Student: 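My structure is below; once you've seen it, I'll send some questions.
What you see is a predicted model; the values in this text were computed from it and never measured. Below, read A as the first sequence line, B as the second, and so on, with proteins coming before strands; counting in each chain starts at 1.
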Amino acid sequence: MSKAAEARESDFRSLVLAVVARVPVGKLVSYGQVAALAGFPQRPRQVGMVLSGLPEGTPLPWHRVVNTRGYVPSRGRWWGAFEQIGRLRDEGITVDDLGNLDLEAHRWRP
DNA sequence: CCACTGACTGGAC
DNA sequence: AGTCCAGCCAGTG
């Protein structure tokens with residue numbers, strides 16, 4: 001990979017994390033929205049990859065990022081979905097045991 | 001280089 | 001309203 005490409009990917013990660021860090025308590029954003037705010041509207045999948053690589057103790061509010069369909073990623077097939085659901089409930093968002101929630105009712109609009 | 005995969009999405013059925 | 005399909009881009013073998 002070229003140095004320019006490496007720098008671009010490094011920026012992508014930094015920008016994505018910066019956007020996620022700005023999401024207010026009790027608000028939700030979709031992966032596509034985070035990608036667009038970071039300046040890469042064609043790469044929602046890469047946003048998911050960045051978040052999947054976060055350490056367990058990260059201060060980032062990654063649990064406020066859900067998909068546009070209105071449910072927590074992988075609906076339980078993913079090992080962290082249960083924790084994400086619990087954190088969202090703690091912030092006052094209604095989520096059922098399958099991870100379904102009302103994205104429009106809590107969407108963050110910067 | 002090719003094929004497959006994934007914490008995604010919008011549109012078609 | 002629930003599912004499926006094609007497009008998407010980077011990571012991995």
Side-chain angles (χ1 to χ4, degrees):
Chain A
M1 196 182 271
S2 71
K3 297 221 168 180
E6 283 182 17
R8 183 168 59 83
E9 287 310 306
S10 179
D11 286 343
F12 175 73
R13 276 193 296 278
S14 298
L15 288 166
V16 166
L17 299 183
V19 170
V20 174
R22 286 166 45 202
V23 181
V25 173
K27 292 295 182 181
L28 300 173
V29 288
S30 69
Y31 290 89
Q33 194 177 355
V34 171
L37 290 172
F40 298 83
Q42 314 302 130
R43 303 177 196 181
R45 307 190 75 133
Q46 271 45 57
V47 172
M49 290 179 139
V50 171
L51 296 188
S52 71
L54 290 175
E56 286 189 35
T58 179
L60 286 170
W62 53 267
H63 53 282
R64 295 178 195 141
V65 184
V66 299
N67 63 32
T68 200
R69 295 273 202 162
Y71 56 78
V72 170
S74 297
R75 302 224 215 195
R77 280 178 279 176
W78 170 50
W79 56 265
F82 189 78
E83 180 183 348
Q84 181 168 14
I85 291 170
R87 289 196 188 193
L88 292 175
R89 284 174 174 165
D90 285 344
E91 296 186 354
I93 297 172
T94 299
V95 190
D96 71 17
D97 292 335
L98 292 179
N100 297 301
L101 46 78
D102 190 342
L103 173 58
E104 289 311 312
H106 301 280
R107 186 187 286 274
W108 176 50
R109 295 183 176 75

Student: State whether the distance check finds a donor on one side and an acceptor on the other, under 3.5 Å, for side chain A/Gln42 versus base C/dC8.
Tutor: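 Counting by modelled atom types and ignoring angles, no donor-acceptor contact under 3.5 Å is found here.
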Student: In whole angstrom, give the distance that lies between atom CZ of A/Arg45 and atom P of B/dA7.
Tutor: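 Going from CZ in A/Arg45 over to P in B/dA7 covers 9 Å.
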Student: Using a cutoff of under 3.5 Å, can you pull out all pairs of nitrogen or oxygen atoms linking the protein to nucleotides 10-12 of chain B, with atom names and distances?
Tutor:
from: B/dG10; atom 1: O6; to: A/Arg69; atom 2: NH2; distance (Å): 3.4
from: B/dG11; atom 1: O6; to: A/Arg69; atom 2: NH2; distance (Å): 3.0

Student: On DNA chain B, check which nucleotide each of A/Met49 and A/Gln33 is closest to and give me the residue with the more 5' one.
Tutor: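 Residue closer to the 5' terminus by nearest nucleotide: A/Met49.
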Student: Please give, in whole Å, the distance from B/dG6 C1' to A/Gln46 CD?
Tutor: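 In whole Å, B/dG6 C1' and A/Gln46 CD are 9 Å from each other.
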Student: Roughly how many Å is it from CZ in A/Arg107 to C1' in B/dT9, rounded to a whole number?
Tutor: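 The distance from CZ of A/Arg107 to C1' of B/dT9 comes to 12 Å, rounded to the nearest Å.
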Student: If pairing requires Watson-Crick or G-U wobble contacts with both distances under 3.5 Å, which nucleotide is the partner of B/dG11?
Tutor: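 Looking at the geometry, B/dG11 pairs with C/dC4.
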Student: Rounded to the nearest 0.5 Å, what separation is found between the CD1 atom of A/Ile93 and the CG atom of A/Leu28?
Tutor: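 Between A/Ile93 CD1 and A/Leu28 CG, I get 4.0 Å after rounding to 0.5 Å.
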Student: Can you tell me the pairing partner of B/dA3 across any strand shown, Watson-Crick or G-U wobble, with both distances under 3.5 angstrom?
Tutor: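 Paired with C/dT12.
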Student: With rounding to whole Å, what would you report as the distance between B/dA7 and C/dG13 at their C1' atoms?
Tutor: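 The answer is 22 Å between these two C1' atoms.
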Student: For the side chain to side chain donor-acceptor pair (under 3.5 Å) test, which of A/Glu83, A/Glu91, A/Gln84 pairs with A/Arg87?
Tutor: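 When side chain to side chain donor-acceptor pair (under 3.5 Å) is applied between A/Arg87 and each of A/Glu83, A/Glu91, A/Gln84, only A/Glu83 qualifies.
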Student: Within this structure, what is the CZ-to-C1' distance between A/Arg13 and C/dA10, rounded to whole angstrom?
Tutor: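 Computing the A/Arg13:CZ to C/dA10:C1' distance gives 11 Å.
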Student: Base, sugar-phosphate alone, or nothing: which one does A/Arg8 contact when heavy atoms must sit under 4.0 Å apart?
Tutor: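 Touches sugar-phosphate only.
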Student: Looking at A/Arg13 and A/Glu6, is there a salt bridge between them, counting it only when a charged N and a carboxylate O are closer than 4.0 Å?
Tutor: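 No, no charged N to carboxylate O under 4.0 Å.
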Student: With a 4.0 Å cut-off on heavy atoms, is A/Arg43 in touch with a base, just the backbone sugar-phosphate, or nothing at all?
Tutor: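 The answer is sugar-phosphate, as A/Arg43 gets under 4.0 Å only of primed atoms, P, OP1 or OP2.
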Student: Output the rounded distance in Å from CG (A/Asn100) to P (C/dA1).
Tutor: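 Spelled out: CG on A/Asn100 to P on C/dA1 is 13 Å.
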